[in-house]
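The structure appears right after this line, and notes come after that.
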Amino acid sequence: MKILLLGSGGREHALAWKIAASPLVTKLWCAPGNAGIAREAECVGIDIADHPAVIAFCQREDVDLVVVGPETPLAAGIVDDLSRAGIKAFGPSKQAARLEGSKGFTKALCTEFNIPTGAYGRFGKAADALAYVRKHGAPIVVKADGLAAGKGVVVAMTLAEAEAAIAMMFDGAFGVAGAEVVIEEYLEGREISFFALCDGETAIALASAQDHKRVLDHDQGPNTGGMGAYSPTPFVTPAIHDQIMADIILPTVAGMKARGTPFRGVLYAGVMLTAAGPKLFEYNVRFGDPECQVLMLRMMSDVVPAMLAACDGELKHFDLRWFDEPALTVVMAAKGYPGDYAKGTRIEGLEEAAQIEGVEIFQAGTIAKNGAILANGGRVLNVCATGKTVVEARQRAYAAIDRIKWPEGFCRRDIGWQAVEQEQRND
């Protein structure tokens, strides 16, 4: 098979690494890719927002499958455009991608199909939003309705923070994404990431994972696109796993089908494990970043047949196998992220770091220039490791980080802390 992967981040590097390992694949391209992906695939300089250019490439090269990594092209309808041109694509349609593209859409679906989630209001005017938060008080969650690159969420612990977030969003901080605002009940509990592969009718769960959204140790500082992750999480017990499938994933898949917009691809549920049971707080319509990196390390099965089964409505005949060993990833980001940061700084020591047992480094925001690897984004490297325990995986990942020479970079030093505490209690 000939496969084209779309995207340029750490998630796409992990996908390229896993897809390239499939015996089914004879040729793998990635558009636009990055310096790390270039080791697994041929990178091609196509603008993935230019759907006709993507289609022309697929037709010229006889591409058998397009795998869409990021959410923006999905929300823009690239899968629909490829399908109309007779090209198979892994990912949801534009209508189905609204599960991520509109927070209000997802909340309405939850209401219609009795999917447990927090109470909410949806507002097109700042005055109405302010009245709602003043009535309900803090803590409360303020979200831009549309896509805001993982940054359009403010968990306001005080009323003043909530009011400032509403003002910021209606003042255009997130452009059209913030033209409407969803305000949600603050859910107390443990946050986990739950993934399911869907074919429009059937859903099969992937391994559980836990993301670390805050930029600083001890979950301090602003929300980011994710500073690290590990899998599996001990907090998703078999009973909780079954409850999430029965109460959240399967009703969503059935509801989307009933609405005439079946969901195919990866459904990523952000779930809060509350005292009242698991509750959905958001959907994404693609692999998480950095959760994808740990899932690909733990997936024993070939990912390509799984993607084809999702495209072809064949998941009911399918299952996936996983390695028992935990995997953990630490994001190295450019100093200043998620605010302003410098680009073009030099990164050295990657080869030495990757020699540590169990370590795999996926590149996110990098470019190759004159034989050197340079930082070219906010989240730049995903230093991943497997081990017999989360403690061992974490020790290996941080040992690798200590070999990387990049003074302009930083990382959290406590990724996996909740699981580490749990392992130490069990010992």
Side-chain angles (χ1 to χ4, degrees), residues 3-7 9 11-12 15 19 48-49 51 54-55 58 63 65-110 112-113 115 145-150 177 193-206 245 248-271 280 282-289 291-292 295 303-316 318 320:
I3 295 180
L4 172 65
L5 172 65
L6 302 183
R11 165 183 50 218
E12 287 78 31
L15 287 170
I19 292 167
I48 62 174
H51 297 188
V54 174
I55 290 165
C58 293
V63 170
L65 176 68
V66 178
V67 177
V68 188
E71 65 277 12
T72 306
L74 293 169
I78 193 155
V79 169
D80 311 65
D81 291 344
L82 287 162
S83 299
R84 275 192 288 272
I87 300 157
K88 189 173 290 191
F90 175 77
S93 67
K94 184 176 184 174
Q95 287 298 313
R98 292 176 71 197
L99 283 170
E100 179 168 1
S102 168
K103 311 287 190 301
F105 175 89
T106 294
K107 285 293 195 179
L109 184 94
C110 290
E112 185 178 348
F113 294 99
I115 297 161
D145 181 68
L147 293 178
S193 304
F194 195 94
F195 296 86
L197 202 57
C198 308
D199 68 3
E201 196 159 329
T202 302
I204 57 174
L206 305 183
M245 283 299 288
I248 296 175
I249 302 294
L250 295 177
T252 299
V253 173
M256 291 296 281
K257 185 187 172 194
R259 284 180 165 195
T261 54
F263 186 91
R264 296 182 187 90
V266 176
L267 193 54
Y268 161 11
V271 176
L280 178 77
E282 70 175 3
Y283 267 134
N284 294 318
V285 298
R286 35 68 190 184
F287 283 106
D289 188 347
E291 296 98 332
C292 182
L295 294 180
V303 75
V304 175
M307 290 173 165
L308 291 170
C311 293
D312 297 341
E314 295 294 329
L315 283 178
K316 58 183 175 291
F318 211 86
L320 287 166

- Query: So how far is it from I204 CD1 to K316 NZ, rounded to the nearest 0.5 Å?
  - Reply: 12.0 Å

- Message: Counting C-beta onward and ignoring hydrogens, is there a side-chain heavy-atom pair between T202 and F318 closer than 4.5 Å?
- Response: no

- With A85, which residues qualify under side-chain contact (heavy atoms from CB on, under 4.5 Å), at least two apart? I55, Q59, I87

- Please report the closest heavy-atom contact between C110 and L280, naming both atoms and the distance. SG-CD2, 3.6 Å

- Query: Passes side-chain contact (heavy atoms from CB on, under 4.5 Å), V54 versus L4? Steps please.
  - Reply: CA-CA 9 Å; V54 174; L4 172 65; 4.1 Å; yes

- In terms of heavy-atom contacts, L315 and C198 come closest through CD1-C, 3.6 Å

- Message: Do E12 and C292 make a side-chain contact, defined as non-hydrogen atoms from C-beta onward lying under 4.5 Å apart?
- Response: no

- Note on the structure: Nearest heavy-atom approach of I249 to A196 is CG2-CB, 3.8 Å

- So CD1 of I115 and CG of L250: to nearest 0.5 Å the spacing works out to 10.0 Å

- Message: For T252, give me all partners under side-chain hydrogen bond (donor to acceptor under 3.5 Å, both in side chains), at least two apart in sequence or on another chain.
- Response: Y283

- Message: Going by the rule salt bridge (Lys or Arg N to Asp or Glu O under 4.0 Å), which residues pair with E314 if we only count those two or more places apart in sequence or in a different chain?
- Response: none

Just distance, no hydrogens or angles: give the donor-acceptor pairs under 3.5 Å from side chains in residues 72-82, sequence neighbours left out.
{"residue": "D80", "atom": "OD1", "partner": "K94", "partner atom": "N", "Å": "2.8"}
{"residue": "D81", "atom": "OD1", "partner": "R84", "partner atom": "NH2", "Å": "2.5"}
{"residue": "D81", "atom": "OD2", "partner": "H51", "partner atom": "ND1", "Å": "2.7"}

- Query: Would you say D145's side chain and S102's backbone share a donor-acceptor pair under 3.5 angstrom?
  - Reply: no

- Note on the structure: Rounded to the nearest 0.5 angstrom, the CD1-CZ distance for I248 and F113 is 15.5 Å

Would you be so kind as to tabulate the donor-acceptor pairs closer than 3.5 Å made by side chains of residues 260-268, with sequence neighbours excluded?
{"residue": "T261", "atom": "OG1", "partner": "M256", "partner atom": "O", "Å": "3.4"}
{"residue": "R264", "atom": "NE", "partner": "D199", "partner atom": "O", "Å": "3.4"}
{"residue": "Y268", "atom": "OH", "partner": "E291", "partner atom": "OE2", "Å": "2.8"}

- Task: Examine distances only and state if a side-chain atom of R11 and a backbone atom of F287 form a donor-acceptor pair shorter than 3.5 Å.
- Result: yes

- Write out all pairs satisfying salt bridge (Lys or Arg N to Asp or Glu O under 4.0 Å) with one or both partners inside residues 249-263, taking only residues at least two apart or from two chains. E112-R259, E201-K257

- Item | side-chain hydrogen bond (donor to acceptor under 3.5 Å, both in side chains) against R286, all qualifying residues, sequence neighbours excluded | E71, E100

- Set of residues satisfying side-chain contact (heavy atoms from CB on, under 4.5 Å) with respect to C311, sequence neighbours excluded: L65, K88, F90

